[in-house]
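Report on one structure; see the data block that follows.
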Amino acid sequence: MKRILLIAWLLASVALSLVAQPQATWLERHHDFGVIREQDGKAHCQLRVKNTGTEPLLIVKVQVGCGCTGIDYPEQPIMPGDTATVSLSYNPSGRPGQFTKQAIIFTNTDTKRTILEISGNVIPTDATLDKEYPIRAGDLRISQRVIPFGELVKGKGSTQYLSAYNASTDTMLVSVTGAKPHIRPAVVPDTVPPARVTALTVHYASRYAPLWGLNVDTLTMECRPLSPTSTAAKGAADIQVMAQVMENFDNLTDKQRADAPVIAVDCDERLDFGTMKAGEVVTRTFTITNKGKERLAIRRLWVPQGEGITLSADRQEVKRGKKATITVTVDTSCQQEHMLNVPLTLMSNDPDNPRVTIRLVGIID
């Protein structure tokens with residue numbers, strides 16, 4: 001009987017030792033800061049843990065993912081039935097956008113470790129925004145003013161995009177206007193929560209481009225707050241879309257290339273207006289000759305805008321061995337400097353020389 005009682009006592013002692021242990025019950029394991037501003041400095045939160053065991057609970061050590069996350073925890077034992085807090089902080093300085101950070105808590109429980117998490121979205125300071133999103137449209141910040149497509153072969157399509165950032169604390173509606181047959185824009189997503197990014201996507205269908213060579217078009221991005229009572233600033237900004245539309249000569253046969261038109265310019269790529277008086281209008285001409293077999297088509301003549309220069313050709317197609325006269329008129333009152341130095345671009349269907357640049361030069365007295 002004594003032996004039986006001894007065994008029973010030992011078993012009870014073992015059972016009690018197994019039951020008598022700390023137990024960490026976390027009342028919160030995640031905290032969402034929502035939208036915070038970089039300029040407001042560190043954001044803080046507290047997550048609570050309760051000792052639901054029968055022995056003191058100890059936080060042995062902690063680990064955080066990076067230096068942007070701070071942690072403060074009780075180093076004293078947490079007695080059975082008591083509740084303590086672990087403080088977590090996030091430093092948003094130089095860290096715009098969404099974040100999710102974790103902290104690992106090691107305790108003297110069977111579970112050993114627990115993962116705590118914080119998350120949020122940081123609205124940068126104006127100085128930070130100016131680096132990545134320098135264009136303002138109210139509280140919408142845009143990454144660039146120009147969408148460059150570079151050279152596009154006529155008939156081919158291409159897609160480019162830019163990004164925009166909602167720098168307000170309210171949801172914004174973003175739209176774009178200015179679509180044309182050769183330009184198809186879209187804003188995705190068009191409903192942008194605070195401190196989130198959207199994209200303006202533009203598909204360029206070069207077959208519908210109105211001009212050979214440089215095409216410049218304007219799109220307008222607009223934003224307005226979703227809530228009519230919002231204090232977020234609405235606004236708009238113009239975005240330029242630029243593309244060089246070129247002719248494709250890659251598929252010409254050897255015979256077609258041998259018979260192709262050949263352009264020759266009689267001014268040796270430089271048209272000199274000499275000395276002109278300020279305020280007068282001066283005209284000069286030069287000729288182009290087709291030295292090939294097929295007809296030479298003048299695709300386009302152009303100069304930069306705002307220079308007071310007009311261009312005309314007496315014909316758009318030039319037969320074999322024939323000439324075309326190009327007339328250039330300069331209004332010197334539109335020139336900002338005392339020297340004329342403007343590029344004139346001539347595009348044709350000459351496969352070996354489809355684009356010729358002629359400098360218009362002169363002195364304005």
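Remember, it's a predicted structure, so these values are computed and weren't measured experimentally.
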Do you see a donor-acceptor pair shorter than 3.5 Å between the side chains of [X] and [Y]?
{"X": "Ser206", "Y": "Lys154", "value": "no"}
{"X": "Arg295", "Y": "Gln316", "value": "no"}
{"X": "Ser87", "Y": "His44", "value": "no"}
{"X": "Ser348", "Y": "Asp350", "value": "no"}
{"X": "Asp170", "Y": "Ser230", "value": "yes"}
{"X": "Thr287", "Y": "Thr325", "value": "no"}
{"X": "Asp365", "Y": "Thr275", "value": "no"}

Check: [Y] and [X] side chains under 4.5 Å, non-hydrogen atoms:
{"X": "Thr283", "Y": "Thr327", "answer": "yes"}
{"X": "Asp190", "Y": "Val188", "answer": "no"}
{"X": "Thr345", "Y": "Trp302", "answer": "yes"}
{"X": "Phe149", "Y": "Met242", "answer": "no"}
{"X": "Val187", "Y": "Thr198", "answer": "yes"}
{"X": "Pro210", "Y": "Asn215", "answer": "yes"}
{"X": "Ile123", "Y": "Tyr165", "answer": "yes"}
{"X": "Thr100", "Y": "Glu117", "answer": "yes"}

Out of curiosity, [X] [atom1] to [Y] [atom2], how far, rounded to the nearest 0.5 Å?
{"X": "Gln144", "Y": "Tyr133", "atom1": "CD", "atom2": "OH", "answer": "10.5 Å"}
{"X": "Leu173", "Y": "Arg224", "atom1": "CG", "atom2": "CZ", "answer": "4.5 Å"}
{"X": "Ser93", "Y": "Gln39", "atom1": "OG", "atom2": "CD", "answer": "11.5 Å"}
{"X": "Thr128", "Y": "Arg95", "atom1": "OG1", "atom2": "CZ", "answer": "11.5 Å"}
{"X": "Ile239", "Y": "Arg145", "atom1": "CD1", "atom2": "CZ", "answer": "6.0 Å"}
{"X": "Ile288", "Y": "Leu346", "atom1": "CD1", "atom2": "CG", "answer": "5.0 Å"}

Does the side-chain contact (heavy atoms from CB on, under 4.5 Å) test come out yes or no for Asn121 and Gln98, once each step is laid out?
-> CA-CA 4 Å; Asn121 215 330; Gln98 291 180 279; 3.2 Å; yes

Does any N or O in the side chain of [X] come within less than 3.5 Å of the main-chain N or O of [Y], such that one atom is a donor and the other an acceptor?
{"X": "Arg284", "Y": "Phe273", "result": "yes"}
{"X": "Asn349", "Y": "Ala297", "result": "yes"}
{"X": "Glu38", "Y": "Thr125", "result": "yes"}

After noting the C-alpha distance and the side-chain angles of Met347 and Met246, does the key distance pass the side-chain contact (heavy atoms from CB on, under 4.5 Å) rule?
-> CA-CA 9 Å; Met347 295 190 68; Met246 309 299 294; 4.0 Å; yes

Indicate if [X] and [Y] have the same hydrophobic cluster label, given that clusters are the connected sets of ILVMFWY residues with side-chain heavy-atom separations under 4.5 angstrom.
{"X": "Val245", "Y": "Leu301", "result": "no"}
{"X": "Met339", "Y": "Met276", "result": "no"}
{"X": "Ile142", "Y": "Met172", "result": "no"}
{"X": "Ile263", "Y": "Phe286", "result": "yes"}
{"X": "Leu140", "Y": "Leu200", "result": "yes"}

For Tyr208 and Pro181, which heavy atoms make the closest approach, and how far apart are they?
->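 For Tyr208 and Pro181, the tightest heavy-atom pair comes out as CD1-O, 3.7 Å.
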
For Asp130 and Arg141, what are the C-alpha separation, side-chain angles and deciding distance, and is it a salt bridge (Lys or Arg N to Asp or Glu O under 4.0 Å)?
-> CA-CA 9 Å; Asp130 286 341; Arg141 303 296 293 268; 2.3 Å; yes

Just one of Thr109, Asp110, Thr111 clears the side chain to side chain donor-acceptor pair (under 3.5 Å) bar with Thr107, so which one?
->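 Result for side chain to side chain donor-acceptor pair (under 3.5 Å) with Thr107: Thr109.
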
Evaluation steps, salt bridge (Lys or Arg N to Asp or Glu O under 4.0 Å), between Arg257 and Asp352 | CA-CA 9 Å; Arg257 190 169 288 274; Asp352 293 326; 3.3 Å; yes

Checking Arg300 against Trp212: charged group under 6.0 Å from the ring centre and within 45 degrees of the axis?
->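 Here Arg300 fails the 6.0 Å and 45° test against Trp212.
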
From CA spacing to verdict: side-chain hydrogen bond (donor to acceptor under 3.5 Å, both in side chains), Lys50, Thr83 | CA-CA 4 Å; Lys50 183 176 182 179; Thr83 301; 5.4 Å; no

Got a sec, which hydrophobics cluster with Val49, joining ILVMFWY side chains under 4.5 Å apart, including via others?
->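 Via sub-4.5 Å side-chain contacts, Val49 links to Trp26, Phe33, Ile36, Leu47, Leu57, Ile59, Val62, Val64, Ile71, Tyr73, Ile78, Val86, Leu88, Tyr90, Phe99, Ile105, Leu116, Ile118, Val122.
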
Starting from the C-alpha separation in whole Å, work towards a yes-or-no answer on salt bridge (Lys or Arg N to Asp or Glu O under 4.0 Å) for Lys180 and Asp217.
-> CA-CA 9 Å; Lys180 295 180 179 179; Asp217 297 277; 2.9 Å; yes

Applying side-chain contact (heavy atoms from CB on, under 4.5 Å) between Val303 and each of Leu311, Thr310, Val330, Ile358, report the one that passes.
->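 In the set Leu311, Thr310, Val330, Ile358, the residue that makes a side-chain contact (heavy atoms from CB on, under 4.5 Å) with Val303 is Leu311.
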
